2 protein chains.
Amino acid sequence: MSRKTFLFMDTVYNKVDSKGRVSLPADYRAIVKELGSEIVCYRSLVSPCIEGCVEDLLEKLASEIEDSNDFFSQTQDDLTNLIFGDAKRFTFDSTGRIVLTEKLLKHAEITDTAVFVGKGRKFQIWNKENWEKEEARIRAAVSAQRPVLNARKTENAPHE
Amino acid sequence: MSRKTFLFMDTVYNKVDSKGRVSLPADYRAIVKELGSEIVCYRSLVSPCIEGCVEDLLEKLASEIEDSNDFFSQTQDDLTNLIFGDAKRFTFDSTGRIVLTEKLLKHAEITDTAVFVGKGRKFQIWNKENWEKEEARIRAAVSAQRPVLNARKTENAPHE
DNA sequence: TAAAATACCATGCTATACCATGATGTAACA
DNA sequence: TGTTACATCATGGTATAGCATGGTATTTTA
């Protein structure tokens, strides 16, 4: 059975063992399998967390850069370089686990628990404490920006 | 045979059992089946209630973000974290029930009864007492803000 | 050949798919 | 119009499959 939508969602807490092994949430695996693709992870450029997506998305990003005639978007170009330089494919074993590298774990300050946070086409992996702080920060920021959110909402956003 | 409109309507009171299981109103299920999609629920950002919609609606949002050429935007990052990090897919069993999570139930203060309230493209799930208060508030607010509406009502209404 | 990386096996738990029952409303029919 | 048969729906209970996780074997590579 195939599905129409491929969204990383929800927030899942999974254990990381001494070798860096961690179960990719079952819902995430289902997406990857359905697309017949692979997971790619890299260090977030702005937060102490790991960012992941399906390889297709990076493929798309690369195409956009390639097709772009914007010679002045040096910044975006640089950022893209950073991501591709850092990104790595991760295959999961028969039980659905991937092995995160020392570099990634260190950047996200993850030791024994990994928090998977859905972001639609992407997802993030956080240290427990950092994520809870981040979530609080975002909720506060969004509350403060209520007017903007409300404006968006009437257009398309599913949130009240 | 297909239909043109897919609107969540009406207000339905259903029981929530000890495991968080609750029947999705039959009308709602019909919509989901017709669309060949799934239900997605998340905590309302502004009210103590659960919000739900069809997955396609979130898919649209994700596509808009993806196509906005804004791979690195901070504001969008915050918003997507909040929406997709909180949202979760809910599939219903052969009898039409979904299992709400502890997080959602707690946010909406739901224990044994869930009130499904149609809102068009979306719907909400409330605690009984909270919904009755909310409905009263809404009615009062509408009356206060719509003197024109009141005028029409007193003209046409045969009673009172 | 030692050490590390990776694939496979085992287990307990929980989520979820299925069966059964009762209630309610609707259609058929006399 | 009153009664009965049927269909649909909400709800309670239960078994099983899938999941996360710990452990072991096998392959790789330095």
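Predicted model, so just to flag it, every value in this text is computed and none were measured. Residue numbering restarts at 1 for every chain, and letters A, B, ... go by the order of the sequence lines.
Going from atom OH of B:Y13 over to atom P of C:dT24 covers 17 Å, rounded to whole Å. Rounded to an integer number of Å, the gap from CZ of A:F92 to C1' of C:dC8 is 16 Å. Counting to the nearest Å, the C1' atom of C:dA17 and the CD1 atom of B:I98 are 15 Å from each other. To the nearest angstrom, P of C:dA15 lies 18 Å from CZ of B:R89. Separating the CZ atom of B:F90 from the C1' atom of C:dT16 is a distance of 13 Å, rounded to the nearest angstrom. When the C1' atom of D:dG18 is taken as reference, atom CG of A:N14 falls 14 Å away, rounded to whole Å. Rounded to whole angstrom, the span from the CD atom of B:E38 across to the C1' atom of C:dT16 amounts to 13 Å. Taking atom NZ of residue B:K88 and atom C1' of nucleotide C:dT16, one finds them 11 Å apart after rounding to whole Å.
Contacts between residues 17-27 of chain A and DNA chain D, counted as heavy-atom distances below 4.0 Å, involve A:K19, A:R21, A:S23, A:L24, A:P25, A:A26.
Heavy atoms of B:D93 sit under 4.0 angstrom from at least one base atom.
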* To do: Walk me through it: do B:T80 and A:K119 pass the test side-chain hydrogen bond (donor to acceptor under 3.5 Å, both in side chains)?
  => CA-CA 5 Å; B:T80 54; A:K119 278 182 76 78; 3.2 Å; yes
* Apply salt bridge (charged side-chain N to carboxylate O under 4.0 Å, His left out) to B:K60 and B:E64, showing your working. => CA-CA 6 Å; B:K60 250 200 210 164; B:E64 279 170 17; over 6 Å; no
* **Audit row: A:E129, A:W131, side-chain hydrogen bond (donor to acceptor under 3.5 Å, both in side chains) steps and yes/no** => CA-CA 5 Å; A:E129 289 76 22; A:W131 167 244; over 6 Å; no
* **Step-by-step side-chain contact (heavy atoms from CB on, under 4.5 Å) determination, B:F116 to B:V22** => CA-CA 10 Å; B:F116 290 82; B:V22 60; 3.8 Å; yes
* To do: Let me see the working for A:E135 and B:R43 under salt bridge (charged side-chain N to carboxylate O under 4.0 Å, His left out), right down to the final yes or no.
  => CA-CA 14 Å; A:E135 190 187 8; B:R43 293 174 290 182; 3.3 Å; yes
* **Stepwise side-chain hydrogen bond (donor to acceptor under 3.5 Å, both in side chains) test for B:R29 and B:S23** => CA-CA 9 Å; B:R29 276 180 302 196; B:S23 279; 5.3 Å; no
* Could you walk me through whether B:S37 and B:E55 pass the side-chain hydrogen bond (donor to acceptor under 3.5 Å, both in side chains) check? -> CA-CA 6 Å; B:S37 190; B:E55 195 173 5; 4.7 Å; no
* Go through the steps for A:R137 and B:D78 under the test salt bridge (charged side-chain N to carboxylate O under 4.0 Å, His left out), then give the verdict. => CA-CA 9 Å; A:R137 182 193 70 74; B:D78 285 355; 3.0 Å; yes
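Terminal axes of the helix from C:dT1-D:dA30 to C:dA30-D:dT1 (five pairs each, C1' rotation axis) are separated by 40°, to the nearest 10°.
Using a 4.0 Å cut-off between charged nitrogen and carboxylate oxygen, A:E132 and A:R139 do not count as a salt-bridge pair.
The ring of B:F84 has its center no closer than 6.0 angstrom to the ring center of A:F8.
Interatomic distance, CG of B:L100 versus CD1 of B:I50, reported as 5.0 Å (0.5 Å rounding).
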Produce the list of close N/O pairs, under 3.5 Å, pairing protein atoms with atoms of nucleotides 9-14 of chain C; give distances to one decimal.
none

